[in-house]
Amino acid sequence: MADETTPVAVPPAPTPAAKPAPAKAPEKAKVVAPAYRDYPTIPALKIDSMAESNPYVAAAAHNESVGFPGTLVDGWEQKAVAKMGELLGKYRSLRVYMDACVHCGACTDKCHYFIGTGDPKNMPVARQDLMRSVYRRYYTLPGKLFPKLVGARDMTRDVLDDWFRYYNQCSECRRCSVFCPYGIDTAEVTMAAKEIMHSVGLGHKYVNEIIGKVHKIGNNLGLPGPALENTLEGLEEDVLEETGAAVKYPLDVKGAEVLLVTPSADFFAEPHVDSLIGYGKVFHAAGISWTLSSKASEAGNFGMFIGNYEQMQKIAMRVREAALELGVKRIVVGECGHAWRVAYAFWNTLTGIGAGANDPFAIQLQKQLDPNYKQPSHICEVTWDLIQAGRLKFNKEANDHRIVTFHDSCNVARGSRMGDYAGGQFDIPRNIIRAVANHYVDMSEATTREKTFCCGGGGGLLTDELLDLRVKGALPRMEALNEIVQHNGVNFMATICAICKAQFTKVLPYYGFKMSMVGGVHQLVSTAIVLKSEQ
Ligand code: SF4
Ligand code: SF4
């Protein structure tokens, strides 16, 4: 029970000898895909089987470049406990999550990382307990008086190491929360733990490097403006050659109606670029003027993964600035799961795209944007509205070589909506696919829509040193895919997330599938859309 807000005295600060070793690359992990289960049973426990999964610690330069302490600060124990107190005060939900768990076990087998690894610390309740045990010690009376009796632990180096290891084995997918009778959201606990760790100087290299690139260059991939321009010109030439239509992929066009903000992977990675080609064809066919922005050349927002509001806001502000500079009437987000969650759930208050902020620039933007459209909109909402209005024509047979399924991305499925009703985020992408392809099969109900399994690479874990974890975490999705491959001949899995696309491209071969099996919804749109030749 949380009855105190003042923490008890924390352990003494470590001696210099106890300070952490500088960041060093762990041994390359052996990557092993687990065997498909005959029946999806609860896995046998493999205690500490993922204890060697060590994410790379961010170097001082990477931490400092995004405003965190370079290395673990002196007195980090007290500071981490104090930060926890700050978050408990700021986020009422976090305190409820710390107190409400009754250890009923309903969530234990719902996490893809537990299913794939068998490591009991990957059970959602155990992951929460890594923080809950510290919370109890410093913020509850029983924990202060009888720590051993209530499973309360001091904030020690061992505890911190376990946090770093196992909170970096959570993709913040929220699947476990769907099954918890109290709605406890482990993803929020993970985000809080990551925020605490970053605040005391223990950052994750991959995530901080990416955030640094966004601030310095403008996007996650570090693609500078001129390279972006070249890529887009190349796309225009390719599409003209392929279709005979002069489809434009415009950059920084003032006065365009739509600003499209999309993950930077769309600009050059396969299969992502095929969806970008599709967005351009949709706007072209519907006669909508649009532009991309070199300032907001990234929809992704890794600030969310580390639970850091300031970073999330700083990254999101680029979109507002670009929208104001270009004078657009609509803001549309491309195929990226967590970007859409940030846009849908947070842009409103972070930036005033919507009515959640009232600083002068927010008010200016609110006046500038067209109130006849949802601000922001998802590209799937745009395309589906145009299809319903009869403004797009398709040759569905062009997709006849594909038997398609759809993977619901976690952040879209459980962190956002589309359209104007609950569940629109599940129906709209499927409606589009059915409008552009003749052959569609859903995966098992237990693995789709709100119960979808994470691809295994979300939450800032899409990095090579975690490949073994990513491959193992993909097991439940691969099992569901395999079932419809065997029974229905499915050969294409569409998704609307850049991370899912990158993750599946990498892990599909470990399960005997071709990496080309994954692609975007707008890749299918691109294949089937009929364009008036303008050559
Ligand atoms: S389902 Fe909820 S209450 Fe039950 S153990 Fe998991 S987190 Fe705790
Ligand atoms: S949020 Fe997702 S990855 Fe994290 S514990 Fe829950 S099911 Fe596992």
Side-chain angles (χ1 to χ4, degrees), residues 1 40 42-43 49-50 53 55 93-133 135-136 150-151 162-195 204 207 304-307 337-338 341 407-415 446-463 466 468-477 480 497 499-500 503 507:
M1 192 200 301
I42 298 173
S49 62
M50 294 306 283
S53 176
S93 53
L94 184 63
R95 189 178 282 274
V96 171
Y97 298 157
M98 290 294 101
D99 287 332
C101 176
V102 292
H103 287 77
C104 68
C107 64
T108 50
D109 60 339
K110 303 304 185 294
C111 175
H112 50 292
Y113 292 123
F114 174 61
I115 293 171
T117 68
D119 189 322
K121 284 185 181 162
N122 275 328
M123 291 176 177
V125 59
R127 203 182 312 284
Q128 296 160 24
D129 277 354
L130 292 173
M131 182 182 288
R132 189 174 285 118
S133 56
Y135 162 76
R136 284 195 177 135
V150 295
D162 246 12
W163 279 29
F164 193 66
R165 208 171 283 128
Y166 286 99
Y167 283 119
N168 281 306
Q169 293 187 42
C170 171
S171 56
E172 304 168 3
C173 78
R174 309 181 93 197
R175 186 171 194 269
C176 47
S177 69
V178 172
F179 297 88
C180 172
Y182 296 93
I184 295 172
D185 185 357
T186 316
E188 267 195 49
V189 177
T190 295
M191 288 173 192
K194 287 183 182 173
E195 180 161 23
H204 183 194
V207 171
M304 188 182 78
F305 294 153
I306 57 170
H338 83 281
R341 180 175 176 195
H407 163 76
D408 296 276
S409 301
C410 316
N411 278 302
V412 176
R414 291 185 286 262
T447 74
T448 51
R449 301 173 76 95
E450 71 272 15
K451 292 184 195 144
T452 188
F453 274 106
C454 171
C455 63
L461 308 184
L462 193 74
T463 169
L466 297 178
D468 187 45
L469 174 81
R470 287 164 50 194
V471 169
K472 288 180 165 68
L475 176 68
R477 173 47 73 231
C497 175
I499 288 178
C500 295
Q503 158 75 352
V507 306

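We count ligands from 1, going down the list as the structure has it; atoms in each ligand are counted the same way.
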**Request:** Number the atoms of ligand 1 from 1 as they appear, then name those within less than 4.0 Å of a heavy atom of Q128, with their elements.
**Result:**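 With Q128 as reference, the close atoms of ligand 1 come out as 7 (S).
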**Those atoms of ligand 2 less than 4.0 Å from some heavy atom in R174** =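 Here the atoms of ligand 2 in question are 1 (S), 2 (Fe).
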**Item:** Flag side-chain contact, heavy atom, 4.5 Å: D119 against F114
**Value:**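 No - every pair of side-chain heavy atoms lies 4.5 Å or more apart.
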**Asked** Using a cut-off of 2.8 Å, how many protein N, O or S atoms lie below it in distance from atom 8 (Fe) of ligand 2?
**Response**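 Protein heteroatoms (N, O, S) closer than 2.8 Å to atom 8 (Fe) of ligand 2 number 1.
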**Request:** Give me the protein N, O or S atoms that fall under 2.8 Å of atom 4 (Fe) of ligand 1, sorted by chain and residue number.
**Result:**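 Listed by chain and number: C104 SG.
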**Prompt:** Charged N to carboxylate O under 4.0 angstrom, R174 versus D185?
**Reply:**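 Judged by the 4.0 Å cut-off on N to carboxylate O distance, R174 and D185 do form a salt bridge.
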**Prompt:** Does D468 come within less than 4.0 Å of K472, counting only side-chain N to carboxylate O?
**Reply:**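 Yes, D468 and K472 are salt-bridged.
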**Prompt:** Is the backbone of M131 close enough, under 3.5 Å, to the side chain of Y167 for a donor and an acceptor to pair up by distance?
**Reply:**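 Checked: pair present.
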**Request:** Tell me, please, whether F179 has K110 positioned over its six-membered ring: NZ or CZ under 6.0 Å from the ring centre and within 45 degrees of its axis?
**Result:**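 Because its charged atom sits under 6.0 Å from the ring centre and within 45° of the axis, K110 does stack over F179.
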Taking every non-hydrogen atom, the tightest pair across [X] and [Y]:
X: C455; Y: Q503; value: O-NE2, 2.9 Å
X: G307; Y: E195; value: O-OE1, 2.7 Å
X: C170; Y: T190; value: SG-OG1, 3.1 Å

**Message:** Over 60° means perpendicular and under 30° means parallel, so tell me whether F453 and H112 are parallel, tilted or perpendicular.
**Reply:**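 Ring orientation of F453 relative to H112: perpendicular.
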**Prompt:** What residue among R127, R175, M123, Q169 forms side chain to side chain contact (heavy atoms under 4.5 Å, CB included) with C111?
**Reply:**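 Of all the options given, the one that passes is R127.
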